[in-house]
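To start, the structure itself, in structure tokens.
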Amino acid sequence: MKINKTLTSVVMAAGMTMGLAQAAKAEVWDMPLAYSGSNFHSVTAAEFGQCVTTGTGGEIEIVTHPSGSLIKGADIKRAVQTGQVPIGERLLSGHQNENAIFGFDSVPFLATSFDDADRLWKAAKPSIEQTLADQNLTLLYAVPWPPQGLYFKREINSVADMEGIKFRSYNNTTTRLAELTGMLPVVIEAAEISQAFATGVVESMVSSGATGYDRKIWESLTHFYEVDAWLPRNYIIVNSDSWNSTSDANKNVIRGCAELAEYAGTWRSKEYTGFTLAGLRAGGMTVEPAGAKLKGELQDIGATMTSDWLSAAGAEGQAIVDRYKAMQ
Ligand code: PCA
């Protein structure tokens, strides 16, 4: 009995000490996300956060904040760069205005399938990693969105049919696409599109089935044309000062969780492609490949946009395309 009591108090004391030690070491990493909590990228990020929290024994606890609720999508990169938050997720091509290289994954018809997008990512990753490192950012993982198609609220058979339509854009490429097709671009974050469509601020966009599905777009729009124009990526970055002050053991855990997240997120993106297109149909939308005339005209516009991007991205952009083509 006495021994038991002593043992119990030793165990309790040890437990308390360990608890205190853990509490002293526990670090909360707030992780802003630009997209809604139900979106597959956000689900993947939440699992990544859980993996890190568990794997580091609670020394680093990652708390995700979806829908731009902590920091708006457009401001996430800057917030991580300046150390306002240690980690965050954002659409990579949202930063083309800073450096054209970030738009490598939004060049029309360069990579139109998951396999091609994967090769293109491998070709571009060293440049992107270096560009980010120069900005005090450490890249952890990146996951593609499903292929991009065009949403409208009526049947569209040619570029001429698009004249004057108010178009929601999400990066430089999509703004340029609107200009070249005679539409009127307005930049709107995905988290805010339901309202923008409901109030008629915009009436068309280029995006994945996933984003239309997440935002119940059938409440405002009627047609989705599969164009498979490109597969842009979301990427997860850590502030390099936070990264450098992380122990090697925890860095290993984070790298492992990131690898799992990239794999799981990519798998989900593939699965989600068919699922969400079926969801748009179930919502009453017409979902079909763009007609031959429209597709041909978009290819011509895509060629213009490709040469625009190559001149903006210079030798580094050309090197990415060359490496990518050499992999095919
Ligand atoms: N959804 C995001 C980016 C690409 C996509 O499929 C959006 O529409 O903002």
Side-chain angles (χ1 to χ4, degrees), residues 32-45 66-69 71-77 88-97 102-114 117 120-121 142-152 166-178 183 185-198 201-218 220-221 224-236 265-266 268-277 279-280 285 287 305:
L33 313 172
Y35 301 92
S36 67
S38 62
N39 175 268
F40 73 94
H41 286 289
S42 303
V43 173
T44 303
S67 295
S69 58
I71 292 173
K72 294 229 173 301
D75 301 326
I76 291 176
K77 176 166 177 275
E89 184 203 42
R90 178 60 179 150
L91 180 77
L92 187 59
S93 59
H95 307 302
Q96 288 167 82
N97 44 350
F102 289 132
F104 80 91
D105 63 10
S106 301
V107 177
F109 308 115
L110 180 60
T112 59
S113 67
F114 279 98
L120 182 56
W121 174 231
V143 171
W145 287 89
Q148 305 291 290
L150 284 163
Y151 286 89
F152 294 102
K166 288 177 279 178
F167 180 85
R168 175 260 168 171
S169 68
Y170 62 72
N171 62 15
N172 282 15
T173 303
T174 53
T175 297
R176 184 84 179 118
L177 177 70
M183 295 193 282
V186 190
V187 178
I188 300 172
E189 286 291 322
E192 281 143 28
I193 61 180
S194 302
Q195 205 188 346
F197 280 105
V201 170
V202 283
E203 45 195 357
S204 168
M205 68 172 173
V206 62
S207 193
S208 56
T211 289
Y213 179 83
D214 287 340
R215 307 323 294 159
K216 295 194 172 54
I217 207 73
W218 52 85
S220 304
L221 304 180
F224 179 76
Y225 292 104
E226 293 162 79
V227 177
D228 297 347
W230 62 83
L231 289 81
R233 272 172 195 266
N234 277 8
Y235 71 120
I236 283 70
T266 304
R268 274 199 181 105
S269 190
K270 289 177 190 169
E271 290 289 301
Y272 221 46
T273 303
F275 172 81
T276 54
L277 293 185
L280 297 181
M285 293 183 74
V287 176
M305 290 170 67

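All ligand and atom numbering here is 1-based and tracks the order in the structure. In this text, all values refer to a predicted model and were calculated from it rather than measured experimentally. Side chains included, hydrogens not; waters and symmetry mates left out as well; all remaining heavy atoms used.
In this structure, P232 has a heavy atom closer than 4.0 Å to ligand 1. Ligand 1 lies within reach of R168, whose nearest heavy atom is under 4.0 Å from it. Ligand 1 has at least one atom lying under 4.0 Å from a heavy atom of Q148.
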Checklist line | CA sep, side-chain torsions, deciding dist, call: E189, R90, salt bridge (Lys or Arg N to Asp or Glu O under 4.0 Å) | finding: CA-CA 11 Å; E189 286 291 322; R90 178 60 179 150; 3.0 Å; yes

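Between F197 and Y151, the ring centre distance reaches or exceeds 6.0 Å. Between Y170 and W145, a ring centre-to-centre spacing not shorter than 6.0 Å is recorded.
In this structure, a donor-acceptor pair under 3.5 Å is absent between the side chains of Q96 and S106.
The heavy atom nearest to atom 1 (N) of ligand 1, out of those in N171, V206, T211, I193, is found in T211.
The protein heavy atom nearest to atom 6 (O) of ligand 1 is S208 OG, 2.6 Å.
For the atom pair S169 OG and I188 CD1, the distance stands at 8.0 Å (nearest 0.5 Å).
Near Y35, meaning under 4.0 Å from any of its heavy atoms, are these atoms of ligand 1: 2 (C), 9 (O).
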